Trainee: 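Please see the structure below; I have some questions.
Letters go in sequence order (proteins before strands), and every chain restarts at 1. Everything numeric here is computed off the predicted structure, so don't read it as measured data.
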There are 2 protein chains.
Amino acid sequence: MLHIVPDIDNSETLTERQKTVLDAALRLLVEEGDDLTMTAVARRASCSKETLYKWFGDRDGLLTATVQWQASKVRVAQVDGKGLGLASLTASLERFACDWLKVISSDTSIALNRVAVGHAGSGKDNLGAVVLENGRFALAKRLKPVLEAGRQAGLLEFADAETAFRTFFGLVGRDVQIRLLLGDRLELTEAAIGGDAIRATQQFLALFGAKTGPQGL
Amino acid sequence: MLHIVPDIDNSETLTERQKTVLDAALRLLVEEGDDLTMTAVARRASCSKETLYKWFGDRDGLLTATVQWQASKVRVAQVDGKGLGLASLTASLERFACDWLKVISSDTSIALNRVAVGHAGSGKDNLGAVVLENGRFALAKRLKPVLEAGRQAGLLEFADAETAFRTFFGLVGRDVQIRLLLGDRLELTEAAIGGDAIRATQQFLALFGAKTGPQGL
DNA sequence: GGCAAGCCGTACCGTACGTTACGGTTCGGC
DNA sequence: GCCGAACCGTAACGTACGGTACGGCTTGCC
């Protein structure tokens, strides 16, 4: 399993200059393919390779720092499950679906996932673990409390929150991520994403919605 | 979109010797990461690099031929939608789900998808298109007639076969493929796959099954 | 001012790998 | 037996790139 990310917390220990360097690396990663070279990063960031090596150790360190830096930027707002009505639950689910679709269809996510997938194929799987931890598992960690609250309020019925989450994940993402990663053009407009979020939420509620209605009152 | 695979049909124009070479490349791709070198392939296949270049042009040609060769091996049996009862429809869906889960969790598929994803990130997207065409789109092409037959028989209700298929795809695959590609260990036993196939099929039928029962009789 | 630290730009080194070239061997056709 | 084609094994070439070294510049501190 190993969803452990043993590395430094970051985003606090980074100087402003280092952040701009990582931003440059990120932009380069998105524009060019995953084959970013140290020389290219140095040139783009207007810094010397010597500095890159001093700060990040080696190419893998730079890659890892870049991925973690991006990950630290996408902390989405926590949703508190305190409103617990069917309307607010639906809205929350749609919101999660929408956010997730926007993330996985963004150029940044695609580039980062590509490099992480390639990295996972070549020995050390650090990047894959980082991306997974800040993507799929972070989503689960934020969504599960909402699901549990929905069950508590009698709006949802499921035995295992993990299983319910994975179904929701599948209903939202479907074939989008793998198609994008494999280079399929797939125009996802704001409207299409919104529609997909609503559809996925409705399907999820059809599968896991309580048939008896709220039993709390 | 471009799901066009403009290259040669293959698998007919290949000699036995060439097939064994591609098998060697495939094995190497699965064992080592995606960083297979021409030298390694030549050594493993006991052939000269000169021969590799004569047959496949360059490294990309070899990669493409390898992917297409594997693709040509996984033509799954077509399911005829002529039994059209709820039981046989369910069985067909479960069969598809089972086969698909086995494919995407196989070492070969993971390795091939990894190299294709990496390739899609670096300019020419040929490999990605090939993998997509022989994976997700081939599955759709085989499954849609079954869905249409199910609708014809009054067992399913949906407006668009493509949309219905994508939902099924999401229910079956969920987060499995991306987790595996990112290096997550994820033991998928035969039993777990079978259970997931049944669950996905039941969920799909719950969403798209006709509420009125078969109207054909 | 003097000085040390940090950093930029660039040149440099070693290596890995894609690609090419070539000598030697096998094999089918005459 | 002879010839040419195909192919194996290996050596060689060119380049790209990770990593290192160094000279010069700025900056903050004494």
Trainee: Has Asp35(A) got more than 12 heavy atoms of other residues, nucleotides or ligands less than 6.0 Å from its CG?
Mentor: yes

Trainee: Which whole-number value in Å describes the distance from Leu36(B) CG to dA16(C) C1'?
Mentor: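 Rounded to whole Å, this separation is 14 Å.
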
Trainee: Residues from residues 42-53 of chain A sitting under 4.0 Å of DNA chain D, heavy atoms only?
Mentor: Lys49(A), Glu50(A), Tyr53(A)

Trainee: Would you mind reading off the distance between Asp35(A) atom CG and dG18(D) atom C1', rounded to a whole angstrom?
Mentor: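 From Asp35(A) CG to dG18(D) C1': 14 Å.
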
Trainee: I need the CD-P distance between Glu16(A) and dC7(C), as an integer number of Å.
Mentor: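 In whole Å, dC7(C) P and Glu16(A) CD are 14 Å from each other.
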
Trainee: Among residues at least two apart in sequence or on other chains, which ones pass side-chain contact (heavy atoms from CB on, under 4.5 Å) with Ala120(B)?
Mentor: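 Scan of Ala120(B) (side-chain contact (heavy atoms from CB on, under 4.5 Å), adjacent residues dropped) gives Arg114(A).
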
Trainee: With a 4.0 Å cut-off, would you call Asp196(B) and Arg174(B) a salt bridge?
Mentor: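 The answer is yes: the pair qualifies as a salt bridge.
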
Trainee: To the nearest Å, give me how far apart CZ (Arg59(B)) and C1' (dT20(C)) are.
Mentor: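 In whole Å, dT20(C) C1' and Arg59(B) CZ are 17 Å from each other.
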
Trainee: Look at Glu31(B) together with Arg44(B) and state whether they make a salt bridge at an N to O cut-off of under 4.0 Å.
Mentor: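 Here Glu31(B) pairs with Arg44(B) in a salt bridge, since their nearest N and O are under 4.0 Å apart.
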
Trainee: Could you state the atom-to-atom distance from NZ of Lys54(B) to C1' of dG9(D) in whole Å?
Mentor: 15 Å

Trainee: Any Lys/Arg nitrogen of Glu133(A) or Lys141(A) sitting under 4.0 Å from an Asp/Glu carboxylate oxygen of the other?
Mentor: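 Salt bridge: yes.
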
Trainee: Is a salt bridge present between Arg27(A) and Asp23(A), judged by a nitrogen-to-oxygen distance below 4.0 Å?
Mentor: no

Trainee: Roughly how many Å is it from CE in Met38(B) to P in dA11(D), rounded to a whole number?
Mentor: 19 Å

Trainee: Which atom names give the shortest non-hydrogen contact between Arg17(B) and Cys47(B), and what distance separates them?
Mentor: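 Distance-wise, the nearest heavy atoms are NH2-CB, 3.6 Å.
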
Trainee: Using only side-chain N and O atoms of Trp55(A), determine if any of them is under 4.0 Å from OP1 or OP2 of dC7(C).
Mentor: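 It does, given that an N or O in the side chain of Trp55(A) lies less than 4.0 Å from OP1 or OP2 of dC7(C).
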
Trainee: Crowded around Asp58(A) CG? As in, over 12 foreign heavy atoms under 6.0 Å?
Mentor: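 Enclosed: over 12 neighbouring heavy atoms sit under 6.0 Å from CG of Asp58(A).
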
Trainee: Take the angle between the ring planes of Trp100(B) and Phe169(B) and call it parallel below 30°, perpendicular above 60°, tilted in between.
Mentor: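 Tilted, since the angle between the ring planes falls between 30° and 60°.
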
Trainee: Report the residues that fulfil side-chain contact (heavy atoms from CB on, under 4.5 Å) with Glu50(A), sequence neighbours left out, ordered by chain and then residue number.
Mentor: Ser48(A)

Trainee: Could you list the protein-to-nucleotides 25-27 of chain C atom pairs, N/O on both sides, closer than 3.5 Å?
Mentor:
none

Trainee: What bend angle does the helix from dG1(C)-dC30(D) to dC30(C)-dG1(D) show across its length, from five-pair end axes and to the nearest 10 degrees?
Mentor: 0°

Trainee: Please list, chain by chain and in numerical order, all residues satisfying side-chain contact (heavy atoms from CB on, under 4.5 Å) with Val115(A), sequence neighbours excluded.
Mentor: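 Checked Val115(A) against side-chain contact (heavy atoms from CB on, under 4.5 Å); matches are Leu29(A), Asp34(A), Leu63(A).
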
Trainee: Given dC8(C), is OP1 or OP2 found less than 4.0 Å from the side-chain N or O atoms of Arg17(A)?
Mentor: yes

